[in-house]
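For the numbers below, each heavy atom of this structure counts, side chains included, while hydrogens, waters and symmetry mates do not. Quick note on labels: first sequence line is chain A, next is B, and so on, each numbered from 1. All values derive from a computational prediction rather than experimental measurement.
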Number of protein chains: 2
Amino acid sequence: MVESVKNLSEKLSERGIRPSYQRIKVLEYLVQNRCHPTVDQIFNHLIKEIPTLSKSTIYNTVNLFIESDLLKPIGIEDNEVRYDIDTSDHGHFKCESCGKIFDFAIDIENLTTEDLKGFRINDKSVYFKGICPECLKNKKDNKKI
Amino acid sequence: MVESVKNLSEKLSERGIRPSYQRIKVLEYLVQNRCHPTVDQIFNHLIKEIPTLSKSTIYNTVNLFIESDLLKPIGIEDNEVRYDIDTSDHGHFKCESCGKIFDFAIDIENLTTEDLKGFRINDKSVYFKGICPECLKNKKDNKKI
DNA sequence: TATATATTTGTAATCATTACAAAAACGATA
DNA sequence: TATCGTTTTTGTAATGATTACAAATATATA
Ligand SMILES: [Mn+2]
Ligand SMILES: [Mn+2]
Ligand SMILES: [Zn+2]
Ligand SMILES: [Zn+2]
């Protein structure tokens with residue numbers, strides 16, 4: 001389950017990315033924390049291990065990973081970008097109460113329309129917003145009081 | 001086809017929004033320019049008619065309209081928000097070459113998934129990116145040279 | 001008209017992201 | 001291993017969209 005540093009390093013090399021210490025650590029974090037983190041979350045976690053780390057490095061790295069199709073930016077938030085190491089097709093649900101982002105399966109491939117005949121489609125995103133079951137439950141509980 | 005100022009004013013009043021001169025002008029612009037404009041585009045157009053206009057007023061107004069479900073923010077861009085006066089369900093395609101945003105019909109209602117059982121879904125967005133037919137044509141033409 | 005309330009305006013603050021140059025790390029080569 | 005050129009990292013400054021806020025202005029009510 002846990003991917004070794006060697007595997008992570010190889011994964012980067014395969015894509016023509018030199019496996020620096022910082023890059024491996026960022027990739028390791030992304031693989032182990034599949035919560036669609038922000039740059040800040042990645043930075044604040046890794047600074048504990050790498051005291052000299054710069055936030056610029058996180059920005060450089062995630063942008064490099066995106067260039068290489070190793071990472072996908074999730075634009076579901078208004079103010080900051082989140083990142084998804086799972087680049088396979090799936091939808092994202094954001095709970096407007098707790099802020100958590102959930103994956104869900106959806107047939108994006110077959111999501112098509114007559115109106116886009118003649119368009120070249122490179123990327124499809126599906127974003128839902130609402131309230132997650134846990135937050136719905138908490139609301140109900142509060143009402144009881 | 002052209003909605004009168006009276007109609008626009010009434011539309012605002014219906015929603016409990018006091019129809020100030022600036023608000024009517026912003027709504028008029030949105031109704032007549034269905035290009036999913038940015039705050040800057042709205043401002044730069046209306047400043048010609050209203051020399052004292054402030055960009056703050058545009059921000060205030062679009063946010064007020066969004067609160068009242070009169071306007072929908074489109075988060076397809078990374079850096080700035082666009083606004084859509086057409087609040088009916090439809091998808092958005094952004095051409096990565098010319099930047100234009102196209103509407104397309106899609107059955108968002110029936111866009112559903114087992115994974116979100118127990119979630120309350122308030123909003124669904126479908127964003128596609130790629131190259132529009134005109135830009136594809138221009139590319140081909142350039143290759144011929 | 002006078003007064004209270006709502007709206008607009010201008011400016012400052014915020015904050016995520018990018019730009020950029022200096023410092024550090026790396027890699028090849030002799 | 002020492003050297004030299006290249007890549008990466010780092011720190012700081014700049015950018016730019018959006019929000020905060022208070023003063024000015026407009027509007028409604030009495
Ligand atoms: Mn995901
Ligand atoms: Mn639209
Ligand atoms: Zn929640
Ligand atoms: Zn185009």
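- The nearest whole Å value for the distance from the CG atom in Leu12(B) to the P atom in dT7(C) is 11 Å.
- Summarising the geometry, the separation between CD1 on Ile47(A) and P on dT9(D) is reported as 14 Å, rounded to the nearest angstrom.
- Neither OP1 nor OP2 of dA17(D) sits under 4.0 Å from any side-chain N or O of Thr38(B).
- The pair Glu28(A)-Lys25(A) counts as a salt bridge, with a side-chain nitrogen and a carboxylate oxygen less than 4.0 angstrom apart.
- For the atom pair CZ (Phe93(A)) and CD1 (Ile76(A)), the distance works out to 8.5 Å, reported to the nearest 0.5 Å.
- Tracing side-chain contacts under 4.5 Å through hydrophobic residues (I, L, V, M, F, W, Y), one never reaches Val81(B) starting from Tyr127(B); they form parts of separate clusters.
- In this structure, of dT18(D), dA28(D), dT17(C), it is dT17(C) that holds the atom nearest to the side chain of Val39(A).
- The phosphate of dT10(D) has OP1 or OP2 within less than 4.0 Å of a side-chain N or O from Gln22(A).
- OP1 or OP2 of dT9(D) sits under 4.0 Å from a side-chain N or O of Arg23(A).
- Note on Asp103(B) versus Arg34(B): no salt bridge recorded, every NZ/NE/NH1/NH2 to OD/OE distance being 4.0 Å or above.
- Rounded to a whole Å, the CD1 atom of Ile17(A) is 16 Å from the C1' atom of dT9(D).
- For Lys72(B) and Asp86(B), the salt-bridge test fails: no basic side-chain N is under 4.0 Å from an acidic carboxylate O.
- Aromatic ring pairs are classed by plane angle as parallel below 30°, tilted from 30° to 60° and perpendicular above 60°; the pair His92(A) and His36(A) is perpendicular.
- Near DNA chain D, meaning a heavy atom under 4.0 Å from it, residues 49-86 of chain A has Thr52(A), Leu53(A), Ser54(A), Ser56(A), Thr57(A), Asn60(A) in order of number.
- Rounded to an integer number of Å, the gap from Ile42(A) CD1 to dA16(C) P is 14 Å.
- Atom CZ of Phe43(B) and atom P of dG16(D) are 16 Å apart (whole Å).
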